[in-house]
Amino acid sequence: MNPRESMLAAFSGKKADRIVWQPRLHIWYEANKKQGTLPKKYSGKEILEIYDDLEAMPRSYHFYNSTIKCNEGNDAELWVRNDREAVFTKYITPKGELKEARKKTVYGAASYVTEYLLKDVEDFKVLTYVLENQTYEFDKNLYEDVKARIGNRAASTVNLPHVPLQSLFINYMGFEKAVIAMWKHQKEVESLLNAIEENHNKMMKTLMASPIEIVNFSANIHHDLCSPPLFKKYILPYYQRATKDLHSTGKFTTSHWDGRVSLLLPFVKETGLDGIECLTPKPMGDVTLEELHEALGDMILVDGIPANHFLPWVNNRTLKEFTLKLLNTFKPHLIAGISDMLPPNGDIEKVRFVGKIVNEYEL
Amino acid sequence: MPRTKNEKEILERLRESIVNLDVEGVQKACEQAISSGIPAYDVVVHGMANGMEEVGKKYEAREYFLSELIIAGEVMKEGMKILEPHLKTRKTKPVGKIVIGTVKGDIHDIGKNVTVTLLGAAGFEIIDLGVDVPVEKFVDAVREHKPDILAMSALLTLTMPEMEAVIEALRKAKLRDRVKIIIGGASITAEYAKKIGADAGVREAFEGVKVVKAWS
């Protein structure tokens with residue numbers, strides 16, 4: 001089996017011949033490339049060349065995501081100004097305008113919102129208009145290009161945007177304002193959440209008609225943001241509806257949960273998801289591998305080794321013990337990786353070290 | 001101060017209304033308290049604050065979550081609108097002043113924001129510098145605001161050394177001895193805090209609040 005087939009076998013409950021080692025290296029790569037601190041042997045190399053040198057596989061949504069294109073409606077103008085330190089976005093629509101500002105982090109590999117699109121409930125109608133008029137299309141030519149580059153290193157995966165409630169909290173309004181809006185204007189908030197879901201449904205329909213094999217729901221689930229009552233009311237039913245649709249066309253589904261999740265794990269099997277990505281174990285997260293395994297059962301864990309185990313001062317014995325424990329606990333329901341990704345000061349040779357353990361592990 | 005049965009009942013209703021996130025109940029209890037002659041300051045300290053303390057305990061016990069903390073703060077604000085005109089002659093003094101921020105290179109603010117909410121409920125005056133805060137901004141804030149405590153947050157292991165850089169810069173600026181320093185984040189340990197010259201290191205927001213309350 002090639003790694004792509006091994007991944008799909010794990011997801012479909014068939015016997016795989018290996019656990020796939022799929023560490024996310026993009027932040028490490030982009031940050032070090034920008035600072036000129038890539039190891040000498042990787043200077044000028046593409047990220048896939050580094051993956052190959054490490055005998056590791058890429059998480060393919062970093063490549064396939066751009067195959068799904070979002071088109072704005074005819075009456076909605078989108079302006080984006082990308083400066084060295086910030087990105088400014090403006091929507092101009094017949095219903096009004098929305099503005100957003102994002103500041104780039106010191107390494108330029110990520111950004112965070114400094115001015116949210118939604119300032120108050122009055123802005124909801126503008127965003128609803130934007131979302132209702134967006135359409136999605138699948139870029140077949142780009143897909144073929146990406147497929148030729150990725151080959152059989154990984155099954156094709158695309159990210160959906162943050163699940164609606166997390167979109168409101170993280171992308172559109174900010175947590176505090178959104179919580180207060182939910183308290184004061186529940187009907188309006190729920191109407192907006194429906195508009196976000198309808199927008200996602202358009203993207204999902206495009207994905208369902210495409211050859212993409214795995215759909216990953218961005219979510220950044222963390223029980224402090226998304227408490228059990230909010231999860232049960234808004235997120236669980238969304239997952240159930242969406243996974244049912246995606247499964248009907250043979251897609252596998254995962255979702256990215258990267259915060260503290262102990263209070264939400266009791267609901268994980270009800271989501272309909274085939275696997276969960278990240279799920280950071282202790283000491284970075286708040287759950288042990290055993291607790292994760294008990295909650296997930298036969299669901300796939302994508303990742304599993306806390307990122308801080310890849311820091312230069314962590315000894316390889318500790319890393320090896322953790323890796324073997326992960327493999328023994330989750331096999332065969334595992335795509336091994338870093339929870340959440342290799343940090344810019346992570347030791348790339350530890351990625352090779354773990355890869356050797358995973359690749360030699362006999363199922 | 002001895003109270004009548006009626007006054008005690010009003011303050012208890014106010015406390016319960018805060019805990020139940022019942023904004024109308026809070027408004028009604030505040031109006032009753034004022035019309036019954038209970039000093040507004042006492043309404044805040046013995047009614048509102050008791051309610052917020054209970055909300056904090058429920059958060060710690062995982063009965064309440066961050067969203068309930070935020071709503072409790074909003075409910076309290078509605079009550080304060082009624083009490084504020086009566087508080088003019090006696091301002092409530094903050095328990096202490098804290099400068100807080102997530103260090104440079106780190107944009108994770110959940111832990112910091114939980115801490116801010118809990119500290120606010122505990123009566124601290126908070127200067128929140130936000131996320132991705134450079135060393136100089138921490139130093140300038142300590143110089144300008146003269147806080148009792150400096151709190152720094154970092155989730156990423158990569159950004160933890162920034163905390164040490166802030167402490168070193170405070171030493172150079174001869175400001176280190178003026179503040180107690182607490183650091184927090186998923187990878188923080190007491191040993192790391194000691195190693196870099198902080199006074200305390202915690203992983204959870206409510207642990208941190210316990211520490212700074214003990215300092216005040």
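Below, chains carry the letters A, B, ... as their sequence lines are ordered, and counting in each starts from 1. Reckoned from all heavy atoms, side chains included, excluding hydrogens, waters and symmetry mates.
Counted within 6.0 Å of NZ on B:Lys194, heavy atoms from surrounding residues, nucleotides or ligands total 12 or fewer; the atom is thus considered open. Environment of CD in A:Gln35: crowded, with over 12 heavy atoms of neighbouring residues, nucleotides or ligands closer than 6.0 Å. Within a 6.0 Å sphere centred on CD of A:Glu85, heavy atoms belonging to other residues, nucleotides or ligands number 12 at most. Residue B:Lys97 qualifies as enclosed at atom NZ: its count of foreign heavy atoms under 6.0 Å is above 12.
Between the SG atom in A:Cys226 and the CZ atom in B:Phe65 there is a gap of 10.0 Å [rounded to 0.5 Å].
Taking each heavy atom of A:Leu230 and B:Ser67 in turn, the nearest pair found is CD1-OG, 4.1 Å. Nearest approach of A:Leu263 to B:Arg62, heavy atoms of both residues: CD1-CD, 3.7 Å. Contact between A:Trp183 and B:Glu74 at its shortest, heavy atoms only, is CZ3-CB, 3.4 Å.
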field: Step-by-step side chain to side chain contact (heavy atoms under 4.5 Å, CB included) determination, A:Ile180 to B:Ile71
entry: CA-CA 7 Å; A:Ile180 294 168; B:Ile71 294 167; 5.9 Å; no
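Interface remark: A:Lys103 contributes side-chain atoms only to the contact with chain B (heavy atom separation under 4.5 Å). The contact between B:Tyr59 and chain A is made entirely by side chain atoms (from C-beta outward), counting heavy-atom distances below 4.5 Å. With a 4.5 angstrom heavy-atom cutoff, A:Thr280 does not touch chain B via any of its atoms.
For the side chain to side chain contact (heavy atoms under 4.5 Å, CB included) with A:Glu176, the lone residue among B:Leu69, B:Val116, B:Ile70 that qualifies is B:Ile70.
Under a 3.5 Å cut-off, the side chain of B:Arg203 and the backbone N or O of A:Pro283 do form a donor-acceptor pair.
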